[in-house]
Amino acid sequence: MNRIKLYVFLSALLSIGLVLIFVQTVFVSFILAIALSYALSPTVNYLEREGLSRPKGTALVFAVVSLFLFMVGWLSFPFFTQQIELLPSKLHQSTMVLEGFISRIQTKWLQELSIKLIHEGQLHIQSYWISVPAIIQNMITVFVLTPFMAYFLVQDGRKVLHSLLSLVPNSLFEVTLKLQHQINHQIGDFVRARLLESFFISFLVGLGLSLLDVPFAWGLAVFAGLTNLIPYVGPIIGVIPALVVGFGAENPQATVLAILSVYGVAQLLDILFIIPLVVAKIVDLHPVSVLVAIIVGAQFFGVLGMLIAIPVASAIKVTTLTVYRHVTEIGTTG
Amino acid sequence: MINYLWENLFRKKVKGKTVDGILQENFLFETLSKKELRFVSHVIHLRTFKQGEPVFRQGDVGVGMYIIYSGSVDIFVENPTSSVEKQMNFITKLQESDFFGELSLVEESSRRTATALACEETVLIGFFKPDLIDILERQPATGVKILLRLSETLGRRLKETTLKVTDLKKELEKLMESNT
């Protein structure tokens, strides 16, 4: 009986894992849905404490969030379309300024290298441009699937977990329940801390760039917040589009310096306040692990893979550490 | 003396055979309203054990308590004097609606102090620390009611054990006096 239970439990986990791995959009949506559910669950829990049933609390939270996003989209749509219309001329302006810089470079090999880099960059942009329809199609699938999955994870996640746990054999049940609780708690803390950090960076960068009157300020801020989820390389990737925009300004050198200062201050405040207060408790990954995780993520799932690589790697690390601590605890005192 | 830790001091006749009924009759959940009981019944875990199957073993990491829904459970403690083979001393037999292992609900990294074996095919209601935390997070009022009853249970067991230890001390003193 116990052995059958174990086989059924492992087969269920394996089937879910295989479906997720082979259908990329489902996998990415599932990971994002988990992150979203961790972010929204505390509010639903609060409403439940105040006497609202879980389904009603979930519906209310999702309705308010959807309404908020809809309002933001509605209000910013004219602004964004105006900015996108400006994009080709700004990019052209930036390229001209960059070419001007390169022509002033005296060293021949450095000039050749710069030209080669720009050429490579243009080729990459062209190749990305061709795959834009497919990327948009995948993103639409992800944006539809993610809230749908997150809704049911928040509302019925516990029930699903309860049913899965009922398949665990008696001999492993208590240990599994304890580990599941610890892992769930740690991953929840991790996801919420990183999302808060990302929001903080977006807000600071958006505010700074708006004050400097940089075009696409809030779009660049959202991008900086998202890339900040990728440790070490994320903040560098995040600043690149802003620099490209900066080169197109009337006074490129001063604008680029000002943009770099905004990003620097945001990173400094993040390091000084957010990381020690919020993120310090969560798991730190070794730089090499981060690099490997990002490469593997990018290899399998592209840009979205880079974003989810770190949460997934951290989840694996938290799970491994918890299991290891549990096993060694038994070994030393049992 | 160890029986005082394991025997059900709160035993009552079981009225219903449903999970809600068993929970309602249990000392820990007695003060809960019907709505609260329904909430708890969605949190607990029903586990079935074969005859002779261990529910837990002495020294295992304990995560929570069990209430007997049907069947019976024998409690054994390892004999510390037996050095060659682990000899088990029978302590007590627990029956329907009895509960055991509640110390694990409050203890950090708790270890089981006895072995529990199913005497026949037994269905147990498992109520564990993560479940209690879940209740405290989602319905604190319900969680506090359970915690109060849990404290009362542990206090009563401590009181019974203290009384027994005092009696034993007195007996020991008398024995020592008579020997001298």
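What you see is a predicted model; the values in this text were computed from it and never measured. Chain identifiers are assigned alphabetically (A, B, ...) following the order of the sequence lines, protein sequences preceding nucleic acid strands; residue numbering begins at 1 within each chain.
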Interchain contact, Phe39(B) with chain A, by part (heavy-atom threshold 4.5 Å)
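Looking at Phe39(B), just its side chain touches chain A.
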Less than 4.5 Å to any heavy atom of chain A: does that hold for the side chain of Ile44(B), its backbone, both, or neither?
backbone
Using a strict threshold of under 4.0 Å (side-chain N to carboxylate O), is an ion pair present between [Y] and [X]?
X	Y	result
Glu177(B)	Lys174(B)	no
Arg47(B)	Glu53(B)	no
Asp156(A)	Lys159(A)	yes

Evaluate side chain to side chain donor-acceptor pair (under 3.5 Å) for Asp134(B) paired with His181(A), printing each intermediate quantity in order.
CA-CA 10 Å; Asp134(B) 188 27; His181(A) 178 72; over 6 Å; no
If you check every heavy atom in residues 119-130 of chain B against those of chain A, which residues fall under 4.5 Å?
Phe128(B), Pro130(B)
According to the interplanar angle, ranging from 0 to 90°, do the rings of Phe152(A) and Phe148(A) count as parallel (below 30°), tilted (30 to 60°) or perpendicular (above 60°)?
perpendicular
Name the residue from Asn26(B), Val144(B), Thr31(B) that meets the side chain to side chain contact (heavy atoms under 4.5 Å, CB included) definition with Arg149(B).
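Of the listed residues Asn26(B), Val144(B), Thr31(B), the side chain to side chain contact (heavy atoms under 4.5 Å, CB included) partner of Arg149(B) is Thr31(B).
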As an exercise, state the distance from CG of Leu226(A) to CD1 of Ile201(A), rounded to the nearest 0.5 Å.
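Leu226(A) atom CG to Ile201(A) atom CD1 measures 12.0 Å (nearest 0.5 Å).
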